[in-house]
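Just so it is clear, the structure is predicted and the values come from calculations on it, not from any experiment.
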Amino acid sequence: MPNPMPLDERVSVIQNLITQLQNVHFVLISSPSVVILVRKVPGSFPTACSKANIVVKEKAQGIGTGIYSTEKLQQGTTVWSEKPLYGVLQKGDGCAWGLQQKLTAGTCCEQCGTFLGTMQLQLHLHGTLYSHTIPFSFSFCYFYFKAGNVTAKDISKALKQNDATTLTQYLLEPVLPCINQEDCTLTHDIVPSKSDYAEFPLFCSESCRLYWENNFGKLMSSKAAGLLHSVADDFDCGFVIMVAKLLSVHANLLEKGDKANLDLLTVLCGAEYQQCINQPKNLEERLLLAKKCNDLCERTSAILTDYFQSNSRLSKDHTTTQGISMILGQLCRNCILVTYTNPIHDYLALVSQTITMCAEANKQEMQSLKDLVQQIAVYMNKEQDGLDSTTSSDESEKAAESDDEGIYNLGDGVLGSIQQLIPCFQGWAVYSLLSNLNHTCAPNCEPEFPNNSSTVSLETRERIEEGGELCISYVDVDIEEQERSKQLVSYGFTCACSRCMQDRDEKKDKMELPQEKKQRNS
C-alpha cells in the first residue's frame, strides 16, 4: 500500500473533488421515495451535489486538513449531498452482516439501496419463509410463502419473461387498505441483472444495473466471491467484501485512465487493521486478536491476488497482506453506518393509528394485510430470535405497552414491533468528502439520510460563521467523556475538544479534596 499522502497533495485531491462537484452538470432524479441531484456523466457513478461554498485547508502546525465554509451557514442548512465512494454500498450491520444480507434480499436496489417496486412487493419479500437454508455462497435456497413463492429469483425471472400476470400478483396484489396504489409505488422500474451472479440482484434503474455489472458483476460471479463470503462469515467481517469491490472499481479506473477519481481511495486516513479496532486489555486476548487480524488479511490477500493477477495496472501492493490490512484500516476509520427505514414502517403506523376507520371501510383489504403481516412475523421470529413460530398476544401486548412508538396494531391480536417485523436498511459506505471532516464531541454538523437511499447529506446543527470549520462527531455525543475517549482510541487520537477538556476539568475538580482545591485556586 502506498505511503500516506503528503498534506499538500491531500489538500489538492480534496479541493479537486470539491471543484468537480461545484462545476458539473446535474440531472434531477425523482420518485416517490427519492429526490436527489446527481452528477450526469455517461458511464460514471453519481457523486455529489455541493449546495454551499466550502474549501479544504491545511490545519495549523501541519496536523492534517479541515473543510471550512466560505460563507455564513444557518442552522439546518444542507451543505452537500454525496453518494458512496466508488459507488460501493455493502449491506450488513457489522456483526450481523450475513443476517442483514438475507433479510433484505431482493427488497432494495443492489447498487444504491433504494427500496424496490411497491408496498405489496416489499410485504411479499419480507414474508418469505426459509424451509431449508444452505451456505450463502453459490447457493439457491428453497422458499415457501402462502401467497406464492416470491423471491428475488422469481421476480428476476418474471421480469425477463415479461410475465404480466405474475408481476401483477407480486406488485399490485393484494389491494392494501387506507392507501391508493400510486402511493404504494416506491420505484417505477425494477431491473434484473444480466450477469450470472447466483443471488439474482435487482436494481432500481438501468444506470444502477450498468454500474454494478461493469464494476462488480464479474467479481461477484467469480469463484473469488464465494471464497470472500466464506472469509467474511468465518471472521464476521463484511468489510472483506467492501475491500474487493473498492479494488475492483479502482482497477477499472486504471484501465480507463480515469485519473480524476483514482486518488479518492488513497487519500483516506487510516493505519493497519489491528490498530483501527478496539483492543482488549488482556495481553493474551490482544495476541489472539492480532493473529485473527493477520489470518483474515492473509486469506483475503490470497484470494484477491489470484483474482486480480490478470490486471497488470493494479499495484500488487494493494493485494498483499499489508495492503489488505491498510484498506481494512481505512474502512474502519472512514466507514459510516448507512441506515434508513422501509416505507412500510410509516404505512403500518398510519393504519394502526386509524385502525377503526380502516377496518370498517376496507374489511377485505384489512384481512389481506393481517395475513401478510402474520406471515412475516412468523418468518422474522425464526430468523432473528430463534423463537417459536408464533408470538402470543399477551407478549405482543406487553411489548406495545412498553413502547407506544414503533408498534403496529391491526386488531385481532395482530400487533408487535414494526422494526422487528420490517428491519431498517443497514449497510456500510465511505463518503469522500464526509471522510475528510474532523471530529469534535460538540459537532456543528451531522450526516443524514433524508431520502431513504444511500445518498448522505451533511446538515448543519447550528449557525456557522464564514471561515468556520465543519466538524462531525465520530462517536455518540450523548455518552460520557470516558466512554467517548475509549471509543476514539481506534481512530488513533485522544480528543482535546473544548467539551472534553471541560468534562475532564469537572471530573478532576470533583475528585480533588477541598484543601487541594483551595490551594489550586489561591
Side-chain angles (χ1 to χ4, degrees), residues 31-36 46 48 78-116 119 122 125-126 186-187 204 208 232 236-239 241-242 245 331-349 376 380 383-385 403 405-408 417-435 437 439 443 445-459 461 472-479 487 490:
S31 77
S33 58
V34 182
V35 179
I36 54 174
T78 299
V79 186
W80 72 71
S81 298
E82 62 177 320
K83 288 283 190 179
L85 172 66
Y86 288 174
V88 175
L89 174 66
Q90 180 60 42
K91 284 189 290 186
D93 59 350
C95 294
W97 83 276
L99 179 62
Q100 174 72 197
Q101 290 266 355
K102 184 188 292 184
L103 296 182
T104 58
T107 64
C108 51
C109 176
E110 190 72 17
Q111 174 56 32
C112 71
T114 300
F115 289 111
L116 293 170
M119 296 280 200
Q122 292 292 316
L125 286 164
H126 279 96
L186 306 179
T187 61
C204 66
C208 274
D236 207 6
C237 180
F239 280 179
I241 312 300
M242 283 195 75
K245 287 183 174 180
L331 294 182
C332 287
R333 289 190 177 174
N334 293 280
C335 266
I336 68 168
L337 183 63
V338 179
T339 180
Y340 42 89
T341 59
N342 193 301
I344 292 177
H345 283 219
D346 290 338
Y347 170 63
L348 289 178
I376 298 171
M380 297 305 290
E383 285 297 323
Q384 289 184 307
D385 305 318
D403 183 9
E405 296 184 2
I407 295 296
Y408 66 88
S417 165
I418 296 178
Q419 173 58 30
Q420 291 181 8
L421 184 78
I422 307 289
C424 293
F425 177 92
Q426 288 188 313
W428 294 97
V430 176
Y431 295 88
S432 302
L433 282 180
L434 195 69
S435 297
L437 290 173
H439 164 83
C445 296
E446 61 184 345
E448 299 282 355
F449 297 94
N451 296 311
N452 278 9
S453 74
S454 57
T455 300
V456 68
S457 294
L458 185 72
E459 309 283 342
R461 291 165 52 107
I472 59 174
S473 177
Y474 298 171
V475 298
D476 185 351
V477 295
D478 295 325
I479 58 179
Q487 292 185 17
S490 60

**OP:** Evaluate the criterion side chain to side chain contact (heavy atoms under 4.5 Å, CB included) for residue pair Val338 and Leu89; output intermediate values, then yes/no.
**Re:** CA-CA 9 Å; Val338 179; Leu89 174 66; 4.0 Å; yes
**OP:** Please round to the nearest 0.5 Å and tell me the distance separating atom CZ of Phe115 and atom CD of Gln122.
**Re:** 6.0 Å
**OP:** Using the test side-chain hydrogen bond (donor to acceptor under 3.5 Å, both in side chains), find all partners of Glu459 that sit at least two apart in sequence or belong to another chain.
**Re:** Thr78
**OP:** May I ask you to test the Ile472-Pro447 pair for a side-chain heavy-atom distance under 4.5 Å?
**Re:** yes
**OP:** Considering non-hydrogen atoms only, spot the tightest contact between Cys335 and Trp428 and give its length.
**Re:** CB-CE3, 3.8 Å
Original post:
Taking all non-hydrogen atoms of both residues, which atom of Arg461 and which atom of Cys445 are closest, and how far apart?
Top reply: CD-O, 3.6 Å
**OP:** Side-chain contact test, heavy atoms from C-beta onward, threshold under 4.5 Å: evaluate it for Ile479 versus Gln487 and give yes or no.
**Re:** yes
Original post:
Looking at side-chain heavy atoms only, is the closest gap between Leu437 and Leu458 below 4.5 Å?
Top reply: yes
Original post:
Do you know which two heavy atoms are closest between Cys109 and Cys204, and how far apart they sit?
Top reply: SG-N, 3.4 Å
Original post:
For the side chain of Glu82 and the backbone of Leu434, is there at least one donor-acceptor N/O pair under 3.5 Å apart?
Top reply: yes
Original post:
If you measure from CG on Leu348 to CE on Met119, what distance do you get to the nearest 0.5 Å?
Top reply: 8.5 Å
Original post:
Parallel, tilted or perpendicular: which fits the ring planes of Tyr474 and His439, with parallel below 30° and perpendicular above 60°?
Top reply: tilted
**OP:** Could I get the full list of side chain to side chain contact (heavy atoms under 4.5 Å, CB included) partners for Asp478, not counting sequence neighbours?
**Re:** Asp476
Original post:
Do Ser454 and Gln111 come within less than 4.5 Å of each other through their side chains, counting heavy atoms only?
Top reply: no
Original post:
If you take all heavy atoms of Ala429 and Met242, which pair is closest and at what distance?
Top reply: CA-CE, 4.1 Å
Original post:
Is the backbone of Thr341 close enough, under 3.5 Å, to the side chain of His345 for a donor and an acceptor to pair up by distance?
Top reply: no
**OP:** Calculate, to the nearest 0.5 Å, the distance between atoms CD and SG belonging to Glu110 and Cys208 respectively.
**Re:** 10.5 Å
Subject >> Any residue meeting side-chain hydrogen bond (donor to acceptor under 3.5 Å, both in side chains) with Ser490, in chain and number order, not counting sequence neighbours >> reply: none
Original post:
Sequence neighbours excluded, which residues qualify as ring pair (Phe, Tyr, Trp, His ring centres under 6.0 Å) partners of Tyr431?
Top reply: none
Subject >> Verdict with supporting geometry, Cys424 and Tyr340, side chain to side chain contact (heavy atoms under 4.5 Å, CB included) >> reply: CA-CA 6 Å; Cys424 293; Tyr340 42 89; over 6 Å; no
**OP:** For Gln90 and Ile241, indicate whether the former's side chain and the latter's backbone hold a donor-acceptor pair under 3.5 Å.
**Re:** no
**OP:** Tell me, please, which residues at least two apart from Phe449 pass ring pair (Phe, Tyr, Trp, His ring centres under 6.0 Å).
**Re:** none
Original post:
Quick one: does Leu433's side chain get under 4.5 Å of Trp80's, heavy atoms only?
Top reply: yes
**OP:** Kindly indicate, with the supporting measurements, whether the criterion side chain to side chain contact (heavy atoms under 4.5 Å, CB included) is fulfilled by Thr107 and His126.
**Re:** CA-CA 8 Å; Thr107 64; His126 279 96; 3.6 Å; yes
Original post:
Side chains of Leu116 and Leu186: closer than 4.5 Å at any heavy-atom pair?
Top reply: no
Original post:
In chain order, what residues pass the side chain to side chain contact (heavy atoms under 4.5 Å, CB included) check against Val477, with sequence neighbours excluded?
Top reply: Pro443, Ser473, Arg499
**OP:** Could you check if a side-chain atom of Ser435 sits within less than 4.5 angstrom of a side-chain atom of Arg333, using non-hydrogen atoms only?
**Re:** no
Subject >> Derivation and outcome, side chain to side chain contact (heavy atoms under 4.5 Å, CB included), residues Leu421 and Tyr408 >> reply: CA-CA 9 Å; Leu421 184 78; Tyr408 66 88; 3.8 Å; yes
**OP:** Taking the side chain as every heavy atom from C-beta outward, state whether Gln426 and Leu337 have any pair of such atoms under 4.5 Å apart.
**Re:** yes
